[in-house]
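Input: a single structure, listed below in structure tokens.
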Amino acid sequence: MSKVFSFTPDYQDFVNAKEVIKGGSGYCISLVDGKEVYNKEKDSCLPDEIEHIYPDYSLYGITDTAYGFLSRGCPRGCEFCHVAAKEGKCSYKVADLSEFWRGQKNIVLCDPNVIACPDWKELLQQLIDSKAKVNINQGIDIRIMTDEKAEMIKKIRVDSVHFAWDRYEDKNIIIPKFKAFKEITGWKARKTSVYVLTNFNTTLDQDLERIYTLRDMDYDPYVMVYDKEHTNGSDPVRKLQRWVNNRKIFKTIKRFEDYDPKRG
Ligand code: SF4
């Protein structure tokens with residue numbers, strides 16, 4: 001039994017097994033004095049030969065998609081993220097694509113920060129060579145983007161890629177990186193979304209500045225609300241989230257102050 005977040009309930013249904021083993025970030029990471037701490041006793045790592053076995057996708061009736069990690073860990077250690085506590089504060093290669101992909105049409109890549117991995121070039125090349133449709137389902141770290149990385153990402157068959165602009169203070173580094181990525185790929189907004197973390201350490205004005213700047217650079221911002229379960233529906237960040245994340249509304253109503261949730 002596994003889960004990602006500690007605040008979500010355990011799987012409630014009956015499991016027909018002699019023993020249930022729990023593991024994963026939802027069980028083994030806890031907040032101690034505001035810091036995420038990994039508790040090995042509460043985790044259950046798989047034996048190495050199982051961790052690296054080709055997945056039995058038929059258990060879930062999956063025929064055309066391969067899921068997996070080529071790298072783990074992230075050097076950033078953002079305070080609001082548990083990747084560093086769970087996988088380590090550096091990115092390292094854990095597999096070749098052939099470990100979990102055997103010609104399926106689609107690949108879902110779950111790496112937290114693949115372009116921070118020292119083997120990024122080899123790993124991106126494996127994704128290009130697969131010619132499969134790739135869904136990189138975590139963010140790509142725009143702050144360490146280079147022309148060479150962007151050129152390679154452009155060659156991967158992706159529907160879209162996701163970035164993040166979580167820290168307002170990254171402004172001066174991040175804006176030129178976003179502009180350069182657009183120039184190289186020529187990808188439109190719908191192919192390049194950017195998570196914008198709110199309710200963590202930014203003001204509403206700083207949230208709006210990031211949102212407008214991203215829109216002006218032809219990126220699709222997507223608002224994430226930190227600690228959402230402790231906010232209520234009337235909180236300004238919740239209103240901001242409804243406005244931005246509803247693409248139709250965001251395209252029609254250009255300014256946040258003109259958005260009235262009661263009118264939809
Ligand atoms: S860059 Fe992303 S994956 Fe890495 S620590 Fe920050 S939020 Fe987590």
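Start at 1 with the first residue, then count along the sequence. Every heavy atom of this structure was used, including side-chain atoms; hydrogens, water molecules and symmetry mates were not. Counting starts at 1 for both ligands and their atoms, following the listed order.
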- Query: Do you reckon Val4 sits in the same ILVMFWY cluster as Leu46, going by side-chain contacts under 4.5 Å, direct or chained?
  - Reply: no
*asked:* Protein non-hydrogen atoms only, distance under 4.0 Å: does atom 2 (Fe) of ligand 1 have such a neighbour?
replied: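 Given the 4.0 Å limit, the answer for atom 2 (Fe) of ligand 1 is no, no protein heavy atom qualifies.
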ask   = Looking only at side chains, do Asp10 and Tyr27 share a donor and an acceptor under 3.5 Å apart?
value =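 Yes - a donor-acceptor pair under 3.5 Å links their side chains.
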- Message: For Ser234 and Asn232, which I'm curious about, is there any donor-acceptor pair between the side chains at under 3.5 Å?
- Response: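 Their side chains do contain a donor-acceptor pair, which is all the 3.5 Å distance test asks for.
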Listing protein N, O or S under 2.8 Å around atom 8 (Fe) of ligand 1 gives Cys81 SG
Scanning both residues in full, the closest heavy-atom pair of Tyr226 with Asn199 reads O-ND2, 2.7 Å
Heavy-atom nearest pair, Met152 first then Trp120, reads SD-CZ3, 3.7 Å
- Query: Which atoms of ligand 1 have any heavy atom of Arg143 under 4.0 Å away?
  - Reply: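 Those atoms are 1 (S).
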Should the heavy atoms of other residues, nucleotides or ligands under 6.0 Å from CZ of Phe7 be counted, would the total exceed 12? yes
Counting C-beta onward and ignoring hydrogens, is there a side-chain heavy-atom pair between Thr213 and Phe178 closer than 4.5 Å?
no
